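Quick caveat: nothing in here was measured; it's all calculated off a predicted structure. So that the names make sense, note that chain A is the first sequence line, chain B the second, and so on, each numbered from 1.
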Number of protein chains: 2
Amino acid sequence: MKMDPADLRRVNVFKDAPEEDLKLFVEKGIVRSIEEGEFFFFQGDPAAYFYVLIEGRAKLLQTSATGQQVNLRTITEWQMFGALGAVRENATYPATAQALEPSTALAIESSFLKEMMQNRPYLNINLMQLMTSYIMEMQERYRELATERVERRIALTILRLAAQIGKRTEGDGMTVELPLTRQDVAEASGTTMFTVSRVLADWERRGLVAAGRERVVIRNPHGLVQISEGLDQ
Amino acid sequence: MKMDPADLRRVNVFKDAPEEDLKLFVEKGIVRSIEEGEFFFFQGDPAAYFYVLIEGRAKLLQTSATGQQVNLRTITEWQMFGALGAVRENATYPATAQALEPSTALAIESSFLKEMMQNRPYLNINLMQLMTSYIMEMQERYRELATERVERRIALTILRLAAQIGKRTEGDGMTVELPLTRQDVAEASGTTMFTVSRVLADWERRGLVAAGRERVVIRNPHGLVQISEGLDQ
DNA sequence: TTTTGTCTTTGCGCTGGCGCAAATAACAAA
DNA sequence: TTTGTTATTTGCGCCAGCGCAAAGACAAAA
(Lines give C-alpha, C1' and ligand atoms only; values in the text may rest on other atoms or scores of the structure.)
Protein backbone atom coordinates (compact mmCIF):
# COMPACT_ATOMS: atom_id res chain seq x y z
CA MET A 1 0.00 0.00 0.00
CA LYS A 2 1.31 3.40 -0.95
CA MET A 3 0.68 6.35 1.31
CA ASP A 4 0.77 9.99 0.49
CA PRO A 5 2.55 11.78 3.34
CA ALA A 6 0.18 14.71 2.98
CA ASP A 7 -2.66 12.44 4.10
CA LEU A 8 -1.05 12.28 7.51
CA ARG A 9 -1.99 15.89 8.00
CA ARG A 10 -5.52 14.70 8.62
CA VAL A 11 -4.20 13.34 11.89
CA ASN A 12 -4.79 16.04 14.46
CA VAL A 13 -1.38 15.67 16.04
CA PHE A 14 0.25 16.18 12.64
CA LYS A 15 -2.03 18.95 11.44
CA ASP A 16 0.71 21.58 11.40
CA ALA A 17 3.66 19.32 10.60
CA PRO A 18 6.01 20.30 7.80
CA GLU A 19 5.99 18.10 4.71
CA GLU A 20 9.42 16.63 5.49
CA ASP A 21 8.35 15.43 8.91
CA LEU A 22 5.35 13.69 7.43
CA LYS A 23 7.62 11.97 4.95
CA LEU A 24 9.83 10.73 7.74
CA PHE A 25 6.87 9.30 9.60
CA VAL A 26 5.57 7.56 6.51
CA GLU A 27 8.99 6.15 5.69
CA LYS A 28 9.44 4.88 9.21
CA GLY A 29 5.96 3.43 9.29
CA ILE A 30 4.72 -0.03 8.51
CA VAL A 31 1.27 -0.45 7.06
CA ARG A 32 -0.69 -3.18 8.81
CA SER A 33 -4.08 -4.42 7.71
CA ILE A 34 -6.17 -6.66 9.91
CA GLU A 35 -9.57 -8.26 9.73
CA GLU A 36 -12.62 -7.44 11.77
CA GLY A 37 -12.22 -8.74 15.29
CA GLU A 38 -8.45 -8.96 15.09
CA PHE A 39 -6.12 -6.95 17.24
CA PHE A 40 -3.53 -4.25 16.69
CA PHE A 41 -2.14 -4.80 20.16
CA PHE A 42 -3.04 -6.20 23.54
CA GLN A 43 -3.16 -4.66 26.94
CA GLY A 44 0.16 -5.45 28.62
CA ASP A 45 2.21 -5.75 25.44
CA PRO A 46 5.33 -3.57 25.33
CA ALA A 47 4.21 -0.32 23.73
CA ALA A 48 6.84 -0.33 21.01
CA TYR A 49 4.63 1.18 18.31
CA PHE A 50 1.98 3.81 18.05
CA TYR A 51 -0.65 3.66 15.34
CA VAL A 52 -2.57 5.87 13.00
CA LEU A 53 -5.76 4.34 11.71
CA ILE A 54 -5.90 4.82 7.96
CA GLU A 55 -9.01 2.87 7.17
CA GLY A 56 -11.73 1.19 9.17
CA ARG A 57 -12.73 1.57 12.78
CA ALA A 58 -11.42 0.14 15.97
CA LYS A 59 -12.06 0.16 19.67
CA LEU A 60 -9.82 0.46 22.67
CA LEU A 61 -10.91 -1.84 25.46
CA GLN A 62 -9.78 -2.98 28.84
CA THR A 63 -10.36 -6.39 30.34
CA SER A 64 -10.93 -7.03 34.01
CA ALA A 65 -9.49 -9.93 35.96
CA THR A 66 -12.75 -11.82 35.45
CA GLY A 67 -12.67 -11.27 31.71
CA GLN A 68 -15.34 -8.60 31.51
CA GLN A 69 -14.61 -5.85 29.04
CA VAL A 70 -15.16 -2.12 28.91
CA ASN A 71 -14.76 0.06 25.88
CA LEU A 72 -12.60 3.05 26.59
CA ARG A 73 -12.69 4.70 23.21
CA THR A 74 -13.60 4.14 19.61
CA ILE A 75 -11.15 5.03 16.92
CA THR A 76 -11.95 6.26 13.48
CA GLU A 77 -9.90 7.09 10.42
CA TRP A 78 -6.93 9.36 10.92
CA GLN A 79 -6.91 9.05 14.65
CA MET A 80 -3.75 8.23 16.54
CA PHE A 81 -3.81 5.52 19.18
CA GLY A 82 -1.42 3.62 21.38
CA ALA A 83 0.84 6.63 21.72
CA LEU A 84 1.37 6.53 25.47
CA GLY A 85 4.48 4.45 24.91
CA ALA A 86 6.22 7.45 23.43
CA VAL A 87 5.92 9.25 26.73
CA ARG A 88 6.69 6.66 29.37
CA GLU A 89 9.82 4.55 29.51
CA ASN A 90 9.31 0.84 28.94
CA ALA A 91 5.60 1.35 28.83
CA THR A 92 3.08 -1.36 28.08
CA TYR A 93 -0.24 -0.67 26.41
CA PRO A 94 -2.86 0.05 29.05
CA ALA A 95 -5.60 -1.19 26.72
CA THR A 96 -6.27 -3.55 23.83
CA ALA A 97 -6.99 -2.27 20.31
CA GLN A 98 -9.43 -4.37 18.27
CA ALA A 99 -10.75 -3.73 14.78
CA LEU A 100 -14.52 -3.24 14.47
CA GLU A 101 -14.28 -3.75 10.72
CA PRO A 102 -11.45 -4.60 8.32
CA SER A 103 -8.90 -1.94 9.15
CA THR A 104 -5.56 -0.59 8.09
CA ALA A 105 -3.17 1.35 10.25
CA LEU A 106 0.27 2.86 9.99
CA ALA A 107 2.48 1.57 12.79
CA ILE A 108 5.45 3.70 13.78
CA GLU A 109 8.02 3.03 16.47
CA SER A 110 7.25 4.89 19.69
CA SER A 111 10.93 5.68 20.08
CA PHE A 112 10.86 7.52 16.77
CA LEU A 113 8.00 9.73 17.87
CA LYS A 114 9.85 10.35 21.10
CA GLU A 115 12.93 11.34 19.15
CA MET A 116 10.95 13.66 16.89
CA MET A 117 9.37 15.31 19.90
CA GLN A 118 12.79 16.38 21.16
CA ASN A 119 12.91 19.39 18.89
CA ARG A 120 9.44 19.83 17.42
CA PRO A 121 7.27 21.88 19.72
CA TYR A 122 4.20 21.37 17.56
CA LEU A 123 4.26 17.66 18.32
CA ASN A 124 4.38 18.28 22.03
CA ILE A 125 1.59 20.80 21.96
CA ASN A 126 -0.69 18.71 19.81
CA LEU A 127 -0.06 15.53 21.72
CA MET A 128 -0.80 17.29 24.98
CA GLN A 129 -4.03 18.62 23.59
CA LEU A 130 -4.98 15.14 22.57
CA MET A 131 -4.18 13.89 26.05
CA THR A 132 -6.19 16.59 27.77
CA SER A 133 -9.17 15.73 25.61
CA TYR A 134 -8.86 12.09 26.70
CA ILE A 135 -8.61 13.09 30.32
CA MET A 136 -11.68 15.26 30.08
CA GLU A 137 -13.68 12.64 28.25
CA MET A 138 -12.73 9.93 30.72
CA GLN A 139 -13.57 12.15 33.66
CA GLU A 140 -16.94 12.90 32.18
CA ARG A 141 -17.67 9.28 31.43
CA TYR A 142 -16.58 8.28 34.89
CA ARG A 143 -19.01 10.75 36.39
CA GLU A 144 -21.77 9.55 34.14
CA LEU A 145 -21.18 5.94 35.07
CA ALA A 146 -21.18 6.83 38.74
CA THR A 147 -24.25 9.04 38.76
CA GLU A 148 -26.54 8.36 35.81
CA ARG A 149 -29.02 5.54 35.27
CA VAL A 150 -28.60 3.11 32.43
CA GLU A 151 -31.05 4.59 29.97
CA ARG A 152 -29.34 7.95 30.12
CA ARG A 153 -25.91 6.39 29.95
CA ILE A 154 -26.88 4.45 26.87
CA ALA A 155 -28.25 7.62 25.28
CA LEU A 156 -25.03 9.48 26.10
CA THR A 157 -22.98 6.60 24.76
CA ILE A 158 -24.90 6.36 21.50
CA LEU A 159 -24.62 10.10 20.96
CA ARG A 160 -20.92 10.03 21.71
CA LEU A 161 -20.34 7.07 19.43
CA ALA A 162 -22.35 8.77 16.70
CA ALA A 163 -20.10 11.80 16.94
CA GLN A 164 -16.97 9.68 16.96
CA ILE A 165 -17.63 6.95 14.44
CA GLY A 166 -21.11 7.58 13.10
CA LYS A 167 -21.67 7.72 9.37
CA ARG A 168 -24.35 10.02 8.02
CA THR A 169 -26.81 8.21 5.82
CA GLU A 170 -29.20 9.91 3.47
CA GLY A 171 -32.82 8.90 3.40
CA ASP A 172 -35.69 10.16 5.45
CA GLY A 173 -34.33 13.08 7.40
CA MET A 174 -31.04 13.10 9.21
CA THR A 175 -29.92 9.71 10.37
CA VAL A 176 -26.65 8.46 11.75
CA GLU A 177 -25.61 4.86 11.45
CA LEU A 178 -23.43 2.92 13.86
CA PRO A 179 -22.03 -0.52 13.05
CA LEU A 180 -22.12 -1.80 16.60
CA THR A 181 -23.37 -4.91 18.32
CA ARG A 182 -25.46 -4.65 21.48
CA GLN A 183 -22.43 -6.02 23.24
CA ASP A 184 -20.28 -3.14 21.98
CA VAL A 185 -22.77 -0.57 23.19
CA ALA A 186 -23.06 -2.36 26.52
CA GLU A 187 -19.30 -2.32 27.00
CA ALA A 188 -19.16 1.35 26.12
CA SER A 189 -21.92 2.34 28.51
CA GLY A 190 -21.15 0.06 31.41
CA THR A 191 -24.13 -2.27 31.30
CA THR A 192 -25.16 -5.57 29.76
CA MET A 193 -26.19 -6.65 26.30
CA PHE A 194 -29.66 -7.52 27.59
CA THR A 195 -30.32 -4.12 29.02
CA VAL A 196 -29.11 -2.40 25.86
CA SER A 197 -31.41 -4.61 23.81
CA ARG A 198 -34.41 -3.75 25.98
CA VAL A 199 -33.68 -0.01 25.94
CA LEU A 200 -33.20 0.05 22.19
CA ALA A 201 -36.42 -1.88 21.68
CA ASP A 202 -38.22 0.74 23.73
CA TRP A 203 -36.66 3.58 21.78
CA GLU A 204 -37.60 1.90 18.55
CA ARG A 205 -41.22 1.77 19.67
CA ARG A 206 -41.00 5.48 20.37
CA GLY A 207 -39.49 6.16 16.94
CA LEU A 208 -36.16 7.41 18.20
CA VAL A 209 -33.94 4.81 16.57
CA ALA A 210 -34.05 1.92 14.17
CA ALA A 211 -32.17 -1.03 15.58
CA GLY A 212 -30.92 -3.85 13.43
CA ARG A 213 -28.34 -6.55 13.63
CA GLU A 214 -25.00 -4.86 14.39
CA ARG A 215 -26.56 -1.56 13.52
CA VAL A 216 -28.21 1.36 15.25
CA VAL A 217 -29.71 4.14 13.18
CA ILE A 218 -30.50 7.33 14.99
CA ARG A 219 -33.77 8.67 13.60
CA ASN A 220 -34.41 11.41 16.13
CA PRO A 221 -31.20 12.80 17.61
CA HIS A 222 -33.09 15.48 19.49
CA GLY A 223 -35.15 12.90 21.30
CA LEU A 224 -32.02 11.06 22.33
CA VAL A 225 -30.46 14.26 23.60
CA GLN A 226 -33.57 14.84 25.67
CA ILE A 227 -33.25 11.40 27.23
CA SER A 228 -29.55 11.96 27.84
CA GLU A 229 -30.42 15.13 29.71
CA GLY A 230 -33.27 13.55 31.60
CA LEU A 231 -35.82 15.91 30.08
CA ASP A 232 -38.08 13.22 28.68
CA GLN A 233 -40.28 12.40 31.62
CA MET B 1 4.36 33.37 53.31
CA LYS B 2 7.88 32.94 52.06
CA MET B 3 8.72 30.11 49.73
CA ASP B 4 12.05 28.56 48.95
CA PRO B 5 12.18 27.95 45.19
CA ALA B 6 14.08 24.72 45.79
CA ASP B 7 10.97 23.31 47.47
CA LEU B 8 9.27 23.39 44.11
CA ARG B 9 11.55 20.61 43.02
CA ARG B 10 9.39 18.28 45.07
CA VAL B 11 6.76 18.82 42.41
CA ASN B 12 7.21 16.00 39.95
CA VAL B 13 6.83 18.24 36.92
CA PHE B 14 9.61 20.48 38.23
CA LYS B 15 11.89 17.72 39.45
CA ASP B 16 14.62 18.48 36.93
CA ALA B 17 14.07 22.22 36.58
CA PRO B 18 17.03 24.56 36.88
CA GLU B 19 17.13 26.81 39.91
CA GLU B 20 16.38 29.93 37.88
CA ASP B 21 13.20 28.48 36.43
CA LEU B 22 11.98 27.61 39.90
CA LYS B 23 12.64 31.18 40.98
CA LEU B 24 10.61 32.50 38.11
CA PHE B 25 7.68 30.29 39.01
CA VAL B 26 7.81 31.33 42.64
CA GLU B 27 8.07 35.00 41.74
CA LYS B 28 5.15 34.71 39.37
CA GLY B 29 3.10 32.78 41.89
CA ILE B 30 0.57 33.93 44.42
CA VAL B 31 0.24 32.01 47.66
CA ARG B 32 -3.37 31.26 48.52
CA SER B 33 -4.54 29.73 51.77
CA ILE B 34 -8.07 28.46 52.20
CA GLU B 35 -10.04 26.76 54.92
CA GLU B 36 -11.35 23.22 54.92
CA GLY B 37 -14.31 22.92 52.59
CA GLU B 38 -13.43 26.02 50.62
CA PHE B 39 -12.54 25.98 46.96
CA PHE B 40 -9.50 26.76 44.87
CA PHE B 41 -11.60 26.86 41.74
CA PHE B 42 -14.88 25.65 40.33
CA GLN B 43 -15.68 23.49 37.36
CA GLY B 44 -16.47 25.86 34.50
CA ASP B 45 -14.33 28.76 35.71
CA PRO B 46 -11.81 30.07 33.17
CA ALA B 47 -8.64 28.10 33.82
CA ALA B 48 -6.42 31.13 34.24
CA TYR B 49 -4.22 29.62 36.95
CA PHE B 50 -2.69 26.30 37.75
CA TYR B 51 -1.87 25.34 41.31
CA VAL B 52 0.73 23.57 43.35
CA LEU B 53 -0.48 22.38 46.71
CA ILE B 54 2.04 23.39 49.35
CA GLU B 55 0.21 22.30 52.45
CA GLY B 56 -2.92 20.35 53.21
CA ARG B 57 -4.99 18.05 51.04
CA ALA B 58 -7.63 18.65 48.45
CA LYS B 59 -9.92 16.78 46.13
CA LEU B 60 -10.90 17.25 42.53
CA LEU B 61 -14.57 16.61 41.99
CA GLN B 62 -17.15 16.82 39.28
CA THR B 63 -20.80 17.62 39.79
CA SER B 64 -23.59 16.17 37.69
CA ALA B 65 -26.61 18.10 36.49
CA THR B 66 -28.58 16.75 39.45
CA GLY B 67 -25.95 17.88 41.93
CA GLN B 68 -24.43 14.50 42.65
CA GLN B 69 -20.68 14.54 43.02
CA VAL B 70 -17.86 12.22 42.09
CA ASN B 71 -14.28 12.48 43.27
CA LEU B 72 -11.87 12.32 40.41
CA ARG B 73 -8.63 12.63 42.30
CA THR B 74 -7.19 13.55 45.65
CA ILE B 75 -4.33 15.96 45.85
CA THR B 76 -1.56 15.97 48.36
CA GLU B 77 1.37 18.24 49.08
CA TRP B 78 3.59 19.14 46.14
CA GLN B 79 1.16 17.96 43.55
CA MET B 80 0.20 20.12 40.63
CA PHE B 81 -3.45 20.54 39.72
CA GLY B 82 -5.63 22.59 37.41
CA ALA B 83 -2.94 22.62 34.75
CA LEU B 84 -5.08 21.69 31.75
CA GLY B 85 -5.59 25.40 31.10
CA ALA B 86 -1.98 25.71 30.06
CA VAL B 87 -2.57 23.32 27.21
CA ARG B 88 -5.92 24.31 25.78
CA GLU B 89 -6.88 27.77 24.57
CA ASN B 90 -9.53 29.53 26.62
CA ALA B 91 -9.99 26.46 28.71
CA THR B 92 -12.27 26.19 31.70
CA TYR B 93 -11.58 23.87 34.61
CA PRO B 94 -13.20 20.50 33.97
CA ALA B 95 -13.49 19.90 37.72
CA THR B 96 -13.79 21.67 41.05
CA ALA B 97 -10.93 21.73 43.57
CA GLN B 98 -11.97 21.70 47.22
CA ALA B 99 -9.77 21.62 50.31
CA LEU B 100 -10.14 18.57 52.57
CA GLU B 101 -8.30 20.39 55.35
CA PRO B 102 -6.84 23.91 55.73
CA SER B 103 -4.63 24.18 52.67
CA THR B 104 -2.14 26.44 50.99
CA ALA B 105 -1.30 26.48 47.32
CA LEU B 106 0.85 28.42 44.96
CA ALA B 107 -1.23 29.79 42.08
CA ILE B 108 0.57 30.59 38.85
CA GLU B 109 -0.90 31.93 35.64
CA SER B 110 -1.51 29.20 33.09
CA SER B 111 -0.22 31.48 30.37
CA PHE B 112 3.11 31.68 32.13
CA LEU B 113 3.48 27.91 32.20
CA LYS B 114 2.53 27.83 28.57
CA GLU B 115 5.20 30.41 27.80
CA MET B 116 7.82 28.52 29.76
CA MET B 117 6.96 25.32 27.93
CA GLN B 118 7.90 26.93 24.61
CA ASN B 119 11.59 26.29 25.10
CA ARG B 120 11.91 23.92 28.04
CA PRO B 121 11.63 20.32 26.93
CA TYR B 122 11.74 19.00 30.48
CA LEU B 123 8.43 20.72 31.23
CA ASN B 124 6.79 19.13 28.23
CA ILE B 125 8.07 15.69 29.02
CA ASN B 126 7.16 15.79 32.68
CA LEU B 127 3.74 17.25 32.06
CA MET B 128 3.02 14.58 29.49
CA GLN B 129 4.05 11.89 31.91
CA LEU B 130 1.71 13.35 34.47
CA MET B 131 -1.09 13.35 31.93
CA THR B 132 -0.50 9.77 30.88
CA SER B 133 -0.63 8.70 34.50
CA TYR B 134 -4.01 10.44 34.84
CA ILE B 135 -5.28 8.80 31.71
CA MET B 136 -4.23 5.39 32.89
CA GLU B 137 -5.67 5.87 36.35
CA MET B 138 -8.97 7.12 34.99
CA GLN B 139 -9.18 4.24 32.54
CA GLU B 140 -8.57 1.79 35.32
CA ARG B 141 -11.11 3.39 37.62
CA TYR B 142 -13.62 3.48 34.82
CA ARG B 143 -13.21 -0.21 34.25
CA GLU B 144 -13.50 -0.91 37.96
CA LEU B 145 -16.67 1.11 38.23
CA ALA B 146 -18.13 -0.70 35.25
CA THR B 147 -17.18 -4.23 36.23
CA GLU B 148 -16.53 -4.57 39.98
CA ARG B 149 -19.00 -4.82 42.83
CA VAL B 150 -19.13 -2.20 45.54
CA GLU B 151 -17.14 -3.92 48.24
CA ARG B 152 -14.22 -4.42 45.90
CA ARG B 153 -14.49 -0.90 44.57
CA ILE B 154 -14.45 0.50 48.07
CA ALA B 155 -11.40 -1.61 48.91
CA LEU B 156 -9.65 -0.42 45.76
CA THR B 157 -10.60 3.16 46.55
CA ILE B 158 -9.36 3.00 50.12
CA LEU B 159 -6.09 1.47 49.03
CA ARG B 160 -5.66 4.06 46.32
CA LEU B 161 -6.48 6.91 48.69
CA ALA B 162 -4.08 5.49 51.26
CA ALA B 163 -1.30 5.56 48.68
CA GLN B 164 -2.22 9.06 47.58
CA ILE B 165 -3.03 10.90 50.77
CA GLY B 166 -2.63 8.41 53.60
CA LYS B 167 -0.50 9.31 56.58
CA ARG B 168 1.42 6.56 58.30
CA THR B 169 0.64 6.44 61.98
CA GLU B 170 2.72 4.58 64.50
CA GLY B 171 1.06 2.39 67.06
CA ASP B 172 0.19 -1.28 66.80
CA GLY B 173 1.65 -2.50 63.58
CA MET B 174 1.52 -0.63 60.32
CA THR B 175 -1.53 1.55 59.99
CA VAL B 176 -2.50 4.20 57.49
CA GLU B 177 -4.90 6.97 58.38
CA LEU B 178 -7.25 8.75 56.01
CA PRO B 179 -9.10 11.92 57.02
CA LEU B 180 -12.16 11.20 54.94
CA THR B 181 -15.88 11.20 55.54
CA ARG B 182 -18.02 8.29 54.41
CA GLN B 183 -19.38 10.68 51.82
CA ASP B 184 -15.87 11.32 50.46
CA VAL B 185 -15.20 7.62 50.12
CA ALA B 186 -18.58 7.11 48.51
CA GLU B 187 -17.91 9.82 45.95
CA ALA B 188 -14.52 8.34 45.20
CA SER B 189 -15.83 4.81 44.72
CA GLY B 190 -19.10 5.54 42.98
CA THR B 191 -21.55 4.46 45.63
CA THR B 192 -23.50 5.95 48.54
CA MET B 193 -22.58 6.99 52.06
CA PHE B 194 -24.84 4.27 53.45
CA THR B 195 -23.18 1.48 51.58
CA VAL B 196 -19.72 2.70 52.57
CA SER B 197 -20.82 2.82 56.18
CA ARG B 198 -22.13 -0.73 56.07
CA VAL B 199 -19.04 -2.09 54.36
CA LEU B 200 -16.69 -0.35 56.77
CA ALA B 201 -18.70 -1.65 59.73
CA ASP B 202 -18.30 -5.14 58.36
CA TRP B 203 -14.57 -4.69 57.84
CA GLU B 204 -14.24 -3.33 61.35
CA ARG B 205 -15.89 -6.47 62.71
CA ARG B 206 -13.35 -8.47 60.75
CA GLY B 207 -10.47 -6.39 62.12
CA LEU B 208 -9.39 -4.96 58.78
CA VAL B 209 -9.94 -1.30 59.58
CA ALA B 210 -10.83 1.01 62.42
CA ALA B 211 -13.47 3.47 61.34
CA GLY B 212 -14.10 6.71 63.17
CA ARG B 213 -15.68 10.03 62.45
CA GLU B 214 -14.00 11.42 59.34
CA ARG B 215 -11.32 8.84 59.71
CA VAL B 216 -10.45 5.42 58.39
CA VAL B 217 -7.46 3.56 59.79
CA ILE B 218 -6.22 0.62 57.81
CA ARG B 219 -5.16 -2.07 60.26
CA ASN B 220 -4.65 -4.92 57.85
CA PRO B 221 -3.63 -3.74 54.38
CA HIS B 222 -3.13 -7.28 53.16
CA GLY B 223 -6.69 -8.18 53.99
CA LEU B 224 -7.94 -5.21 52.04
CA VAL B 225 -5.82 -6.15 49.08
CA GLN B 226 -7.34 -9.61 49.18
CA ILE B 227 -10.83 -8.15 49.09
CA SER B 228 -9.85 -5.81 46.27
CA GLU B 229 -8.68 -8.82 44.30
CA GLY B 230 -11.71 -10.90 45.16
CA LEU B 231 -9.63 -13.52 46.93
CA ASP B 232 -11.46 -13.33 50.22
CA GLN B 233 -14.36 -15.65 49.71
C1' DT C 1 -32.18 -23.69 -0.62
C1' DT C 2 -30.33 -25.36 3.42
C1' DT C 3 -27.10 -25.08 6.95
C1' DT C 4 -24.42 -22.96 10.31
C1' DG C 5 -23.00 -19.59 13.27
C1' DT C 6 -23.76 -15.39 15.37
C1' DC C 7 -26.46 -11.78 17.12
C1' DT C 8 -30.66 -10.33 19.28
C1' DT C 9 -34.88 -10.54 21.83
C1' DT C 10 -37.80 -11.60 25.64
C1' DG C 11 -39.72 -13.85 29.74
C1' DC C 12 -38.72 -14.60 34.34
C1' DG C 13 -36.80 -14.56 38.83
C1' DC C 14 -33.75 -12.59 41.82
C1' DT C 15 -30.76 -9.57 44.52
C1' DG C 16 -27.26 -6.00 45.33
C1' DG C 17 -27.34 -1.89 46.59
C1' DC C 18 -30.07 2.36 46.88
C1' DG C 19 -32.59 5.66 49.63
C1' DC C 20 -35.50 7.13 53.32
C1' DA C 21 -36.00 7.90 58.11
C1' DA C 22 -34.89 7.81 62.64
C1' DA C 23 -31.61 6.97 66.19
C1' DT C 24 -27.04 7.61 67.77
C1' DA C 25 -22.40 9.33 68.21
C1' DA C 26 -18.80 12.71 67.99
C1' DC C 27 -17.26 17.06 68.16
C1' DA C 28 -17.50 22.27 68.77
C1' DA C 29 -19.20 26.35 70.58
C1' DA C 30 -21.35 28.73 74.20
C1' DT D 1 -22.26 21.30 81.10
C1' DT D 2 -25.44 22.22 77.75
C1' DT D 3 -26.77 22.95 73.21
C1' DG D 4 -26.29 22.78 68.47
C1' DT D 5 -24.32 20.85 64.40
C1' DT D 6 -22.70 17.50 61.60
C1' DA D 7 -21.30 12.74 60.71
C1' DT D 8 -22.55 8.05 61.13
C1' DT D 9 -25.17 3.92 61.80
C1' DT D 10 -28.89 0.81 61.12
C1' DG D 11 -33.45 -1.03 60.06
C1' DC D 12 -36.41 -1.57 56.40
C1' DG D 13 -38.55 -1.73 51.96
C1' DC D 14 -38.01 -1.66 47.32
C1' DC D 15 -36.76 -1.80 42.46
C1' DA D 16 -33.54 -1.11 38.55
C1' DG D 17 -30.99 -3.79 36.30
C1' DC D 18 -28.57 -8.26 36.11
C1' DG D 19 -28.21 -12.90 34.36
C1' DC D 20 -29.93 -17.23 32.76
C1' DA D 21 -32.27 -19.75 29.29
C1' DA D 22 -34.61 -20.45 25.32
C1' DA D 23 -36.45 -18.85 21.20
C1' DG D 24 -36.14 -16.02 17.20
C1' DA D 25 -33.90 -13.29 13.41
C1' DC D 26 -30.40 -12.46 10.26
C1' DA D 27 -26.36 -13.13 7.20
C1' DA D 28 -23.02 -15.66 4.97
C1' DA D 29 -21.47 -19.92 3.31
C1' DA D 30 -22.23 -24.28 1.28
Side chain of B:Arg198 only, please: which of D:dG17, C:dT8, D:dG11 is the nearest? D:dG11
Let's see if you can work this out: which of D:dG19, D:dA7, D:dG17 has an atom nearest to the side-chain heavy atoms of B:Thr181? D:dA7
Side-chain donor-acceptor pair under 3.5 Å between B:Gln183 and B:Thr181, yes or no? no
Which part of the nucleic acid does B:Arg213 contact within heavy-atom distance under 4.0 Å: base, sugar-phosphate only, or nothing? base
Indicate whether the side chain of A:Ser189 and that of A:Arg153 have a donor and an acceptor atom separated by less than 3.5 Å. no
Please give, in whole Å, the distance from D:dT5 P to B:Glu36 CD? 18 Å
Answer yes or no: does a side-chain N or O of A:Arg182 lie under 4.0 Å from OP1 or OP2 of C:dC7? no
Counting any heavy atom closer than 4.0 Å, what does B:Arg149 reach on the DNA or RNA strands: base, sugar-phosphate only, or nothing? sugar-phosphate
Kindly confirm or rule out a cation-pi arrangement of A:Arg141 over B:Tyr142, judged by NZ or CZ under 6.0 Å from the six-membered ring centre and within 45° of its axis? yes
B:Arg153 CZ to C:dG17 P, straight-line distance once rounded to whole Å: 7 Å
Check the distance between C:dG5's P and A:Gln183's CD and give it to me in whole angstrom. 20 Å
Which nucleotide in D:dG17, D:dG19, C:dT8 has an atom nearest any side-chain atom of A:Thr192: D:dG19
Would you tell me whether B:Arg57 and B:Thr76 have side-chain atoms, one donor and one acceptor, within less than 3.5 Å of each other? no
Of the listed C:dG19, C:dC7, C:dG17, the closest approach to the B:Phe194 side chain comes from C:dG19
Residue mapping more 5' on DNA chain C - nearest nucleotide basis, B:Gln68 or A:Thr195: A:Thr195
